[in-house]
Amino acid sequence: MLMHVISMEHDVYKANDKVAEKNKKRLDKHQVFSVNVMGAIGSGKTTLIEEAIRQLKEKYKIAVIAGDVIAEMDSSRFRKLDVPTIPVNTGKECHLDAKLVEKALDEIDLNNTDLLLIENVGNLICPVDFKLGEHLRVVIVSVTEGDDIILKHPMIFKTADLAVINKVDIAHAVDVEAEKMRDDILSLNPKVPVILTSKHDWESLETWISFIELGIKEAQNR
Amino acid sequence: MHELSIACEIFEQVMATAKEHRATEVKHVTLQMGRLSHTNPEQLSFCFKAIAEESIAKDADFIVEMVPPSLECECGYKGTIDEKQIRESCQLKSELLAYVAAMECPICGKEANITGGRELIIKSIEIETENQD
């Protein structure tokens with residue numbers, strides 16, 4: 001019997017990053033702006049995506065990848081808005097990864113897409129380590145999750161390009177200060193833009209939507 | 001929990017390398033896990049052992065070495081977060097939070113870029129092979 005030590009140096013996350021990079025190049029080639037929408041269950045990811053679709057679909061061509069353990073439910077909501085939607089069932093998995101998105105991209109007519117909205121599986125932990133090839137990483141939390149939710153999940157806020165605190169209209173009812181949540185996000189990531197939204201406050205939704213539109217315009221000028 | 005799918009990926013990579021080197025048994029699997037990665041070493045080890053049950057890696061020691069985050073700042077500073085200091089400061093807070101809070105440049109105080117500490121690397125395996133003449 002002989003013993004050997006074999007060096008491998010294989011980074012499991014880098015293997016995903018490589019596919020994500022490939023996805024991004026593919027999207028760049030078609031000047032598609034892609035958004036990875038992450039957030040907790042019930043934070044309002046689907047609703048905020050719907051609002052963005054409603055306001056932007058006359059001006060831009062939009063496609064959606066809806067990731068969930070059972071993705072059909074959210075997908076049917078997006079399809080009602082007449083946008084091509086690819087459901088991605090993750091089964092027992094708690095996040096989307098670059099390979100799943102790569103496969104979904106095959107089913108999207110990228111020549112006819114300006115904006116790709118990717119709804120990730122609802123949780124604040126697992127999606128953090130898996131890049132998808134997105135241009136914008138958004139994290140959505142709602143006041144109903146409690147105002148300590150931010151500091152319990154530091155990495156997702158640390159690595160986000162945009163943070164949204166949703167359902168601020170009911171903050172008082174759940175005894176939460178949305179401003180404390182904003183301060184916590186900024187303590188972890190001082191440069192990240194933080195938007196406070198409520199689906200009943202049109203002005204707040206406009207800020208969210210204008211952020212996305214800015215990205216689409218930048219992608220088109222690339 | 002995504003440890004199961006990560007353990008599957010590790011198992012496949014380990015078995016491919018073991019086969020390539022004609023191993024009869026895998027004795028050790030050594031990983032390097034960044035402290036900022038969202039993977040739990042105990043759960044990962046448990047999943048790996050469950051998957052490897054009927055393979056030549058069934059008795060392998062699953063060793064996870066934790067890697068502290070490293071930083072790079074625009075002022076030129078490059079370095080690793082002091083683990084001892086973190087242990088002292090995180091009595092009340094979570095360890096992960098203490099690491100994230102420590103990501104200021106110790107020289108100029110600005111927000112530094114994370115250059116390490118999020119990885120999950122299969123570093124090496126130790127295998128047994130038949131004597132070959």
Side-chain angles (χ1 to χ4, degrees), chain A residues 1-20 38 67 69 90-100 120-131 139 148-160 183-192, chain B residues 1-10 12-14 16-18 20-40 44 69 93-104 110-111 114 117-132:
Chain A
M1 292 290 170
L2 293 170
M3 300 292 284
H4 312 265
V5 175
I6 316 284
S7 168
M8 287 183 63
E9 299 295 334
H10 174 87
D11 191 328
V12 175
Y13 292 137
K14 279 232 173 88
N16 179 76
D17 289 355
K18 272 187 197 159
V19 182
M38 305 175 289
V69 175
T90 56
K92 61 185 186 306
E93 284 296 314
C94 42
H95 58 270
L96 285 175
D97 65 29
K99 273 189 200 159
L100 288 170
N120 217 315
V121 183
N123 83 67
L124 295 171
I125 305 160
C126 312
V128 179
D129 293 328
F130 295 88
K131 290 178 192 160
V139 55
D148 51 2
I149 192 82
I150 316 286
L151 296 182
K152 281 183 190 168
H153 302 90
M155 277 308 279
I156 198 162
F157 295 97
K158 181 86 187 165
T159 58
D183 291 348
D184 283 350
I185 295 172
L186 291 172
S187 76
L188 294 168
N189 188 352
K191 286 180 199 153
V192 74
Chain B
M1 152 161 161
H2 54 252
E3 276 75 6
L4 183 63
S5 60
I6 293 174
C8 284
E9 159 92 12
I10 293 169
E12 279 168 23
Q13 296 290 338
V14 165
T17 306
E20 198 185 309
H21 291 83
R22 296 179 186 189
T24 51
E25 199 183 335
V26 179
K27 291 283 199 187
H28 293 102
V29 176
T30 307
L31 302 188
Q32 286 181 321
M33 185 186 287
R35 291 220 184 257
L36 299 175
S37 83
H38 291 77
T39 324
N40 180 298
L44 191 63
K93 295 180 287 185
S94 84
E95 192 181 71
L96 180 63
L97 183 58
Y99 275 111
V100 176
M103 279 168 199
E104 281 172 5
K110 273 194 201 151
E111 186 76 0
I114 306 167
R118 301 187 64 189
E119 60 276 72
L120 180 58
I121 299 169
I122 313 168
K123 193 179 156 199
S124 62
I125 56 172
E126 191 177 331
I127 56 165
E128 207 171 80
T129 59
E130 299 283 353
N131 286 327
Q132 279 174 351

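Every chain is numbered from 1, with letters handed out A, B, ... down the list of sequences. No hydrogens, no waters, no symmetry mates; every other heavy atom, side chains included, goes into these values. Remember, it's a predicted structure, so these values are computed and weren't measured experimentally.
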Margin query: Between B/Ile121 and A/Val12, does the side chain to side chain contact (heavy atoms under 4.5 Å, CB included) criterion hold? Intermediate values first, please.
Written below: CA-CA 6 Å; B/Ile121 299 169; A/Val12 175; over 6 Å; no
Margin query: Is it true that, when you exclude A/Lys158 itself, more than 12 heavy atoms of the residues, nucleotides or ligands shown sit nearer than 6.0 Å to its NZ?
Written below: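 Yes, because the 6.0 Å sphere around NZ of A/Lys158 holds more than 12 heavy atoms from other groups.
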In Å, rounded to the nearest 0.5 Å, how long is the span from [atom1] of [X] to [atom2] of [Y]?
{"X": "B/Arg118", "Y": "A/Lys14", "atom1": "CZ", "atom2": "NZ", "value": "11.5 Å"}
{"X": "B/Ser5", "Y": "A/His95", "atom1": "OG", "atom2": "NE2", "value": "5.0 Å"}
{"X": "A/Ser7", "Y": "B/Ile122", "atom1": "OG", "atom2": "CD1", "value": "11.0 Å"}
{"X": "A/Asn123", "Y": "B/His2", "atom1": "CG", "atom2": "NE2", "value": "9.0 Å"}
{"X": "B/Ile6", "Y": "A/Asn16", "atom1": "CD1", "atom2": "CG", "value": "9.5 Å"}

Next item on the list: Go through the atoms of B/Glu9 and report whether side chain, backbone, both or neither lie under 4.5 Å from a heavy atom of chain A.
Entry: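 When you check distances to chain A, only side chain atoms of B/Glu9 fall under 4.5 Å.
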Check: Is it the backbone or the side chain of B/Leu31 that comes under 4.5 Å from a heavy atom of chain A, or both, or neither?
Finding: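 Contact with chain A: none, neither part.
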Next item on the list: Below 4.5 Å from any heavy atom of chain B, which atoms of A/Ser187 appear? Answer side chain, backbone, both or neither.
Entry: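 Contact with chain B involves no heavy atom of A/Ser187 at all.
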Next item on the list: For this output row, return yes or no: ring centroids of A/His4 and B/His21 closer than 6.0 angstrom.
Entry: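 Distance test on ring centres: not under 6.0 Å, no.
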Considering all heavy atoms, the nearest [X]-[Y] contact:
{"X": "A/Asp129", "Y": "B/His38", "value": "OD2-N, 2.7 Å"}
{"X": "A/Asp11", "Y": "B/Leu120", "value": "OD1-O, 3.2 Å"}
{"X": "B/Gln13", "Y": "A/Met8", "value": "O-CE, 3.5 Å"}

Margin query: So which residue, B/Val14, B/Ile125, B/Ile114, B/Thr39, ends up with the most heavy-atom pairs under 4.5 Å with chain A?
Written below: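 Looking at each option in turn, the highest pair count goes to B/Ile125.
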Next item on the list: Please lay out, stage by stage, how A/Met155 and B/Leu36 fare under the test side chain to side chain contact (heavy atoms under 4.5 Å, CB included).
Entry: CA-CA 7 Å; A/Met155 277 308 279; B/Leu36 299 175; 4.0 Å; yes
Next item on the list: Sort out for me which residue in B/Thr129, B/Thr24, B/Ile127 forms a side chain to side chain contact (heavy atoms under 4.5 Å, CB included) with A/Leu2.
Entry: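 Exactly one option meets the side chain to side chain contact (heavy atoms under 4.5 Å, CB included) with A/Leu2, and it is B/Thr129.
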